[in-house]
Each structure stands twice: as structure tokens, then as C-alpha cells.
Amino acid sequence: MKPFFLFYYILSVVLFLVALPLIIILSFKQKYKESIPSRFFLFKNPPFKNSQSIWFHVCSLGEARALKPILDRLNEEKVVITTITQTGQDEAKKYDAEIRYLPYEMYLPFWIKPQKKLIVLEAEFWYMLFVMAHARGAEVILLNARISDKSVDKYMKFAWFYKKLLANVSTLYVQSEVDKNRFFALGAKNIEVIGNIKLAGEIKKTYDYVKPDCELIVAGSTHPDEEESVLAAFSSYKTANSGAKLVIVPRHPERFEEVYSLMEEFALKEHLSLERFSQNKNFTSDLILVDMMGELNNIYAISDIAILGGAFRDDVGGHNPLEPAYFGCKIITGKHFFHQKELFKYVHHVQYVEATELNAALNAAKELPPSMVEEKIDLQKVIDKIKE
């Protein structure tokens with residue numbers, strides 16, 4: 001056993017013990033009530049029954065959804081999937097695969113079974129995962145790999161560590177030439193630029209709602225503080241555009257009640273009508289909170305303007321712009337979209353503004369064409385690699 005491996009393992013155990021009180025407290029929160037017991041205490045989270053399978057590891061919803069065009073082409077291959085978040089887990093359960101949460105690192109030497117390949121999406125860099133999967137015979141492949149502008153300094157500061165981690169990786173499929181150069185600087189080999197695999201995903205709606213006979217604005221995937229900015233901008237905008245309606249779709253379902261209270265206070269002050277989408281599933285009120293999962297694409301499909309959340313703060317990194325662009329929305333988003341930088345390269349006619357500039361952006365949208373996506377990606381090289 002190598003000294004660094006032993007040191008890292010002991011450190012992971014110590015960190016677990018130190019963080020144990022916080023882990024227990026967080027496990028009672030709705031957001032983590034399933035993932036934390038599974039990841040940190042192996043509750044209902046045994047090793048995979050299948051070995052010698054194709055193992056995909058993703059973090060959350062977006063990455064799990066991005067797997068679909070790949071899994072659709074793997075035919076008879078046995079597939080297993082691990083996730084980090086509950087939303088990722090829920091999405092992964094839609095596939096014909098064994099699904100687990102990825103356990104905390106100190107469990108992995110005892111939990112991992114031999115698999116044919118481990119394909120890790122984006123920036124899920126877990127040292128024990130890479131080392132133990134490789135040691136048990138899996139070929140480790142990074143797919144859609146990226147290093148964001150915001151995190152590059154951190155990676156370079158710990159380049160010695162990432163060099164050890166990447167030594168277990170056979171092939172990296174990265175999003176851009178910039179990512180290729182950054183991984184090369186960390187000691188990675190066999191790096192190929194293929195673009196963002198999310199460009200290959202099928203974008204569809206699951207229900208056809210009737211578009212109201214007015215301008216419909218949707219604020220999608222919003223985070224704390226962003227709803228306040230959107231509501232303030234909408235207040236000014238509605239003064240000159242009395243027929244406009246605003247739909248808000250928070251990113252995380254555990255925030256539905258918090259956002260509804262905020263909208264209720266705003267509606268009372270501005271003398272606007274408000275409804276929960278789950279009650280009537282229509283768009284008759286001035287303000288609508290979408291308190292249901294899986295409805296965002298259906299609403300993009302009938303919206304005129306999409307305010308895309310996650311980029312008006314500096315700690316989220318933005319969200320996928322392909323869906324509102326696909327449905328022809330005029331997209332407004334913030335300037336902090338560092339995790340989605342590669343995807344935004346392919347989307348045209350987007351307004352990038354500060355939260356205080358939202359009202360001006362809404363007015364400017366009248367003169368702008370709908371946003372659109374012109375690029376595609378060929379996954380055949382990746383499919384061939386996975387199947388070989």
C-alpha cells in the first residue's frame with residue numbers, strides 16, 4: 001500500500017469523524033434526507049449486484065440527463081450508475097440500470113466491485129473513486145471534463161494532487177481547447193476535445209399547455225436572492241406592459257414555500273394576483289409559482305422571454321441555456337455563468353446582464369430575435385471507446 005494512499009484514507013476517516021455532527025444534522029433536511037444516509041452511512045446503498053459493467057458516475061440532474069443519448073446507443077451493455085444528489089438519483093432511475101449513491105470516500109475500498117469501465121462526467125474528481133476503480137480493473141474515462149475559469153487557480157495550486165488522481169485515467173474527453181490545456185498542465189494524457197455532450201441531448205416537452213394571450217416571462221432555475229431581483233424588474237416592466245405575466249420556477253423544490261411567501265408579499269404590495277401552478281395548472285394570474293418538478297420545458301415552450309437563473313450570483317455558475325433556446329425564448333441571464341461557458345458559446349442572441357439591469361433587458365428583448373442553437377456534437381467516438 002502506497003504511503004500517500006494510506007495517508008489520504010486516514011485523512012478521509014478523520015474528516016468524517018470531525019464532520020459527523022454536521023452530517024447528522026444535515027441528514028434531517030429535506031434536500032439531503034435520502035442522499036446523506038446513503039452516502040455517509042450506506043443506508044440502503046449496498047455495492048452493485050452487477051460486476052464487469054459500464055459504470056457511469058454523475059453528480060446531479062443535468063449530468064444524469066446528459067447520459068441519455070449515450071445510454072440509448074449502448075444496446076445490450078450492462079450499465080450501473082452512481083450519483084451524488086437526490087435529483088440526480090431520481091433522473092438516473094429513469095434508465096435501465098442499477099442505481100446507487102456514490103459512498104463517501106472512506107467506504108470505497110470495500111464498496112467498489114470490478115467493472116469494465118468507469119466513465120466520470122464533468123468535474124467529479126474523487127481520489128478514492130479513481131484509484132480503487134482502476135485498481136479493481138476498470139478503465140477510467142473522463143467525459144465532458146472541464147475546469148472552470150473560477151476554479152482553475154485552485155486546481156493549479158494542488159497540481160501535485162491532481163497529477164496523482166489523473167494517473168489513473170486512460171482517456172479524457174474535454175469540452176474545449178482551454179480545458180485541454182488546463183488538464184495537460186495537470187499531467188493528464190490522451191486528451192481529446194469533443195465539445196459539450198449536452199448538445200447531443202434530446203430536448204422535449206411532456207405536455208402541451210395553452211399559451212395565454214399575453215406576454216409570458218419565465219424565470220427558470222432560480223436561486224436565493226435572484227427571485228427578489230426578478231420580481232423588482234417585473235414590477236417596473238409591468239407598469240408599461242400591463243398584460244405581462246411572470247412564472248417563477250425555483251431550481252430546488254425544497255425552496256417552493258420560501259419563494260411562494262416572497263411572491264405573496266410582493267403580490268400584496270403590488271396589487272397583483274398570484275397562484276400555485278400545482279393547484280390549477282393554468283396561467284390566469286399575474287404571478288405563478290411552479291411548485292412541481294419536470295415542468296420547466298413545458299413552460300419554456302409557451303414563453304416569450306426566459307430569465308435563466310444561477311448566473312446572477314457568483315457562486316452557482318449558471319444553468320443550461322439549450323432548453324429555453326430550443327423553444328425559441330429570448331434569453332436573459334447573469335454574467336456569472338462559468339460552469340456553462342462552453343454551452344453558451346453555441347447559443348446566439350442572449351443578453352448577459354447584472355441583476356440590477358433586468359428591467360432594461362426585459363425592455364430591450366422586444367427588439368431582439370429569439371435565442372437559438374446552431375451547433376451539434378458527434379458522440380460516435382465516445383460510443384466506440386465505451387464499447388471497445
Side-chain angles (χ1 to χ4, degrees), residues 4 8 56-67 70 82-85 88 102 105 117-131 133-134 139-201 221 223 308 310-311 313-322 333-347 352 375 377 379 381-382 385-386:
F4 181 77
Y8 188 92
F56 290 90
H57 173 64
V58 300
C59 179
S60 56
L61 175 65
E63 294 80 36
R65 187 172 289 166
L67 290 179
I70 297 173
T82 50
T83 75
I84 296 292
T85 69
L102 183 72
E105 289 192 277
K117 287 182 170 66
L118 167 65
I119 297 98
V120 177
L121 265 68
E122 300 209 1
E124 282 292 289
F125 303 145
W126 301 99
Y127 176 78
M128 280 291 174
L129 172 64
F130 284 45
V131 171
H134 178 69
E139 180 183 4
V140 182
I141 298 168
L142 297 193
L143 179 59
N144 223 38
R146 60 174 171 81
I147 297 176
S148 70
D149 294 344
K150 186 174 182 179
S151 57
V152 64
D153 288 342
K154 179 194 74 173
Y155 281 100
M156 295 308 165
K157 188 179 296 185
F158 294 95
W160 60 271
F161 170 74
Y162 288 103
K163 185 174 183 179
K164 291 178 181 292
L165 182 149
L166 292 168
N168 299 280
V169 178
S170 69
T171 306
L172 292 85
Y173 294 109
V174 300
Q175 296 185 17
S176 69
E177 286 291 340
V178 171
D179 292 309
K180 179 178 179 178
N181 292 335
R182 288 171 178 173
F183 278 107
F184 184 77
L186 294 176
K189 297 180 174 60
N190 299 324
I191 311 170
E192 294 189 51
V193 179
I194 63 165
N196 195 313
I197 67 167
K198 291 179 181 177
L199 287 167
S221 296
H223 291 256
L308 189 56
R313 303 162 46 123
D314 63 4
D315 60 342
V316 178
H319 291 299
N320 188 340
L322 301 180
T333 195
K335 297 183 178 181
H336 306 284
F337 56 94
F338 45 88
H339 284 324
Q340 307 295 334
K341 190 173 183 179
E342 185 64 20
L343 285 181
F344 274 103
K345 282 171 47 179
Y346 307 116
V347 180
Y352 303 96
E375 305 290 335
I377 185 175
L379 288 176
K381 185 182 295 185
V382 176
K385 177 66 176 175
I386 292 173

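Bear in mind that the values here come from a model prediction, so they are computed numbers and not experimental data. Basis for what follows: all heavy atoms, side chains included, without hydrogens, waters or symmetry-related copies.
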Pair K180-E177, side chain to side chain contact (heavy atoms under 4.5 Å, CB included): steps then yes or no: CA-CA 5 Å; K180 179 178 179 178; E177 286 291 340; 3.8 Å; yes
Spatial distance of atom CG (N144) from atom CD (Q175) [nearest 0.5 Å]: 4.0 Å
Contact summary for H223 and G310, nearest pair of heavy atoms: CD2-CA, 3.6 Å
Backbone N/O of V178 and side chain of N181: donor-acceptor pair under 3.5 Å: no
Short side-chain to backbone donor-acceptor contact, T333 and Y352, under 3.5 Å: no
Sub-4.5 Å side-chain heavy-atom contact between S170 and I141: yes
Donor-acceptor under 3.5 Å (T85 side chain, G88 main chain): yes
Side chain E105, main chain M128, donor-acceptor under 3.5 Å: yes
Verdict with supporting geometry, H57 and E63, side chain to side chain contact (heavy atoms under 4.5 Å, CB included): CA-CA 9 Å; H57 173 64; E63 294 80 36; over 6 Å; no
Beyond-backbone contact of I84 with L102, side-chain heavy atoms, under 4.5 angstrom: yes
K198 vs E122, side chain to side chain contact (heavy atoms under 4.5 Å, CB included): CA-CA, chis, key distance, verdict: CA-CA 11 Å; K198 291 179 181 177; E122 300 209 1; 3.4 Å; yes
Heavy-atom pair of closest approach, residues V316 and H319: CG1-NE2, 4.0 Å
Heavy atoms of other groups near K345 NZ, more than 12 under 6.0 Å: yes
Test item: L172 and N190 side chains (from C-beta on) under 4.5 Å apart, heavy atoms: no
Centroid separation Y127 to F4 less than 6.0 Å: yes
Intermediate values then yes/no, side chain to side chain contact (heavy atoms under 4.5 Å, CB included), L322 and L199: CA-CA 8 Å; L322 301 180; L199 287 167; 3.8 Å; yes
Whether Y162 and F125 hold their rings parallel, tilted or perpendicular, with breakpoints at 30° and 60°: perpendicular
Rounded distance (nearest 0.5 Å) linking atom CG of D179 with atom CZ of F184: 15.0 Å
Nearest heavy atoms of P321 and L308, plus distance in Å: CA-CD2, 3.7 Å
Closest heavy-atom pair and its distance - Y155, I147: CD1-CG2, 3.4 Å
Neighbour count >12 (heavy atoms, 6.0 Å) for atom NZ, K341: no
Heavy-atom side-chain proximity of R146 to R182 below 4.5 angstrom: no
I119 CD1 to E139 CD distance, which is reported to the nearest 0.5 Å: 8.5 Å
Within-4.5 Å side-chain heavy-atom neighbours: V120 and F130: yes
Closest non-hydrogen atom pair between A200 and L379, with its separation: CB-CD1, 3.5 Å
Check ion pair E192-K381 (N to O, under 4.0 angstrom): yes
N-O pairing of K150 and D315 below 4.0 Å: no
Validation row: L129, V140 side chains within 4.5 angstrom (heavy atoms): no
Heavy-atom side-chain proximity of F56 to I70 below 4.5 angstrom: yes
Pairwise side-chain contact, I197 with V382, heavy-atom cut-off 4.5 Å (strictly under): no
F161 side, atom CZ; L166 side, atom CG - distance, nearest 0.5 Å: 9.5 Å
Pairwise distance OG(S151) to NE2(H339) - rounded to 0.5 angstrom: 6.5 Å
